[in-house]
Amino acid sequence: MLEESFSELEQARLKKLRALEAAGIDPYPTRSEQTHTSQVAIDAFVNAEAQTEARPIQVTAAGRIRSLRLMGKLAFAHIQDRDGGLQLFFRVNDLGEEKMAELTSFYDLGDFIQASGTMFRTKRGEVSLHVEDFKMLAKTLRPLPAAKDEVVDGEIIRHATLSDPETRYRQRYVDLAVNTEVQEIFKTRSATIRALQKFLDDRDFIEVETPILQPIYGGAAAQPFITHHNQLHQDLYLRISFELYLKRLLVGGLERVYEIGRDFRNEGVSYKHNPEFTQLEFYWAYADYLMVMALAEEMVAFAAEKVLGTTIVTFNGNEINLAPPWKRVELRQGILEAAGIDINEHPTAESLQMAMEARQIKHKPGSTRGKLIDTLIGDFLEPNFIQPTFLYNYPRDISPLAKSKPGDPMVVERFEGFIGGMELCNAFSELNDPLDQEQRFIEMDRAYADDDEEQHPMDDDFLNALSYGMPPAGGFGIGVDRLVMLFTGRRSIREVILFPHLRTQDSEA
RNA sequence: GGGCGUGUAGCUCAAUGGUAGAGCAGUGGCCUUUUAAGCCAUUGGUUCAGAGUUCGAGUCUCUGCACGCUCACCA
C-alpha cells in the first residue's frame with residue numbers, strides 16, 4: 001500500500017488532501033486551463049507596459065508551486081511551467097478571508113495550481129500575477145527535495161539541491177521537476193534529433209524503421225540480448241545495429257535511407273556505454289566513404305548550429321570546434337607517428353605483436369592483427385583526438401562489411417570520427433559483392449571460432465539480398481547519445497538518457 | 001568482472017569507539033509588496049542490510065546490496 005510507505009511529512013500532506021475533500025474541493029479535478037505560459041504572460045505585460053493606455057493583461061496560469069511565502073494577509077508564490085517561472089501575488093483584500101485560508105491551510109510546495117488574474121509589477125520590480133481566483137489542480141503527497149534559488153547578480157545559486165545520482169536517475173521525474181536545467185538537456189536532445197532528421201530529409205533521404213526483434217543479429221561486433229517469442233517458440237535477438245536491414249533497402253531501390261532508433265548491446269556499462277542507446281545510421285547509394293566523410297562533418301556542424309547557435313562546444317574542459325573541415329588522419333600514418341610502429345611492416349599478427357611487445361605495449365594475447373591495431377588506436381590515438389578527427393583506412397579483418405581499398409587488399413575504405421577523445425561515428429564504403437561478403441563472414445567465423453563474444457553469424461538472407469544487386473554506397477552510423485553529450489557538455493551518457501539502466505532494487509523507497 | 005570510494009532526517013551535510021546533530025523542508029504562532037522573506041517555538045532517525053569484535057559501534061572487522069570513479073570489453 002502506498003499509504004503505508006508514507007513518512008510523517010507525507011502523512012501531513014495526506015491530511016490536507018482529506019481536509020480538501022471534506023471542504024468539498026476536488027484535489028484532482030478533471031478540467032484545467034492555461035491561457036498563457038509564464039514567459040508569454042510576462043512578455044505580454046512588458047509589451048503592454050511600454051504602451052500608453054494599455055489594457056490589463058488577463059491571465060490564467062498553471063504550474064507547480066516551487067516556493068510559497070505566506071505573510072499573514074499577503075502571500076507570494078512561484079510556479080513553474082514548461083517555459084519558466086511566474087510569481088503569484090495573493091492578497092486577502094482581493095480573495096476574501098475564506099479563499100485566503102484555503103491557500104494557507106491546504107497548499108504545499110509541489111502542488112499544481114491554476115491561478116487567474118491580471119499581470120502587474122511588484123514594488124521590487126518583478127512582473128507577477130495578481131491573483132483573483134485560484135484552484136488546486138493536483139495535490140502532491142510526497143515532498144519534492146527542497147531546493148531554493150537565490151539570485152545573486154543575475155546568477156542563480158541553488159541551495160541544497162537534489163544531487164544524489166542514484167535518486168536522480170531512478171526517479172528522473174523528481175530530478176526533472178526540481179532541477180530545471182535537466183529539462184534543458186532533453187530539450188537539446190529532442191532538438192538535435194530533429195536537426196539531424198531535417199538535414200537528411202533535405203537531402204532526399206527517407207526515414208525508415210527496421211526490425212528490433214531479429215532472428216539473426218549482425219552489423220557490429222557485440223553481444224546481443226536474447227529474448228523469446230512464446231507463440232512461435234522462437235528465440236529472437238534485440239538488434240545490435242540497423243546495418244544489414246538498411247542495406248537490404250538499397251537493394252530494393254530506396255537509394256537514400258536513414259533510421260534513428262535504439263540498439264541493444266549486452267556488454268559493460270560505463271560513462272559512455274548504456275545497454276540500450278540511440279543510433280543514427282544512413283545509407284547513401286552512389287556515394288563512397290570520402291563523400292560520407294564530407295556529409296558527416298557537415299551534418300554535425302549543421303545540427304550544432306541549429307540547436308546551439310554555434311559550432312563551438314565545451315566538453316570536459318576543452319573548447320571544441322565542430323565546423324568543417326575536420327582533421328583527417330590516415331590510420332597507418334597516425335599509428336606510425338603516435339606509436340612508432342609502421343603496421344605495413346607487420347603484415348601478420350605475430351609480427352605486429354612482437355613489435356608491440358618490444359615497446360611494452362599491453363595487448364590481449366592471441367589477438368588478430370586487426371584487433372592489435374584496434375588496441376593501438378585505443379591507446380595512442382583515440383584519447384588524443386579532442387578536436388573532431390576522422391581516422392581512415394582500417395584493417396580488413398575487423399571490418400567485415402566494408403569494401404576493400406582498390407589495390408590494397410589488407411585495407412578497407414572505412415573511417416571513424418572522434419571528438420573529445422571519444423569515438424562518435426563509424427562509416428565505410430559498403431561491401432556490395434555477395435561472394436566477397438560471404439568470404440568475410442567465413443573468415444570472421446574462422447578467426448573467432450573460439451571466442452563466443454566475437455561471433456559474427458552468417459546472415460544468408462542478407463547474402464541473398466546482395467545477390468540481387470546492391471548499388472555502390474556509403475554508409476554511416478553515429479551515436480546520438482554521445483553527440484548530445486557533446487552538445488550539452490555532459491561527461492556521462494546517463495546524463496543525456498532519461499532513464500539510464502540501473503540495477504533493480506529490492507525495495508523502492 | 002577487478003581495484004578504489006560512498007551510503008546518517010524528505011533534501012544537502014556534520015558527528016575521537018561514549019546521550020545521533022545543523023541548515024532547508026514540515027508543524028504551531030506573528031507578519032498587507034516578499035523573493036534563499038523574516039522572527040519565536042517545535043516535530044522528525046531500523047545511521048543501506050546482516051553478522052562479528054567491544055562494557056559500549058554511525059565510527060572497527062567480515063559478508064551482502066546499491067551508487068560513483070576507474071581498469072578491462074565494447075560504440
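Numbers restart at 1 for each chain; the letters A, B, ... are given by sequence-line order, proteins then strands.
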Using a heavy-atom cut-off of under 4.0 Å over every strand shown, decide if A:Asp374 touches base, sugar-phosphate, or nothing. nothing
Does the ring center of A:Phe90 lie less than 6.0 Å from the ring center of A:Phe76? no
Contacts of A:Val329 meeting side chain to side chain contact (heavy atoms under 4.5 Å, CB included) (sequence neighbours excluded), chain-then-number -> A:Lys327, A:Phe385, A:Thr389, A:Leu391
By salt bridge (charged side-chain N to carboxylate O under 4.0 Å, His left out) - contacts of A:Arg172 (at least two apart): A:Asp175
Starting at the 5' end of nucleotides 27-34 of chain B, put B wherever the base has a protein heavy atom under 4.0 Å, S where only the sugar-phosphate does, and a dash everywhere else. S---BBBB
Applying the 3.5 Å cut-off to both distances, the Watson-Crick or G-U partner of B:rC67 turns out to be B:rG5
Taking only side-chain N and O atoms of A:Arg13, does any of them lie within less than 4.0 angstrom of OP1 or OP2 on B:rG26? no
Identify whether any heavy atom of A:Arg482 sits under 4.0 Å from a base atom; if not, whether one sits that close to sugar-phosphate; answer base, sugar-phosphate or nothing. base
Just jot down the side-chain hydrogen bond (donor to acceptor under 3.5 Å, both in side chains) partners of A:Asp374, sequence neighbours excluded, or say none. none
Partner set under side chain to side chain contact (heavy atoms under 4.5 Å, CB included) for A:Thr314, not counting sequence neighbours: none
Within the 4.0 Å heavy-atom criterion, would you say A:Ser67 contacts the bases, only the backbone, or no part of the nucleic acid? nothing
Ring pair (Phe, Tyr, Trp, His ring centres under 6.0 Å) involving A:Phe112 - partner list, sequence neighbours excluded: none
Once you round it to whole Å, what is the distance between C1' of B:rG10 and CD of A:Gln171? 11 Å
Please determine whether a side-chain nitrogen or oxygen atom of A:Arg170 lies at a distance below 4.0 Å from atom OP1 or OP2 of B:rC67. yes
Using a cut-off of under 3.5 Å, enumerate the N/O to N/O pairs linking the protein to nucleotides 68-71 of chain B.
unit_1	atom_1	unit_2	atom_2	d
B:rG68	OP1	A:Arg494	NE	3.4
B:rG68	OP1	A:Arg494	NH1	3.3
B:rC69	OP2	A:Arg494	NH1	3.4
B:rU70	OP1	A:Arg491	NH2	2.9

For A:Phe199, all residues meeting ring pair (Phe, Tyr, Trp, His ring centres under 6.0 Å), sequence neighbours excluded: A:Phe302
Please list, chain by chain and in numerical order, all residues satisfying side chain to side chain contact (heavy atoms under 4.5 Å, CB included) with A:Glu8, sequence neighbours excluded. none
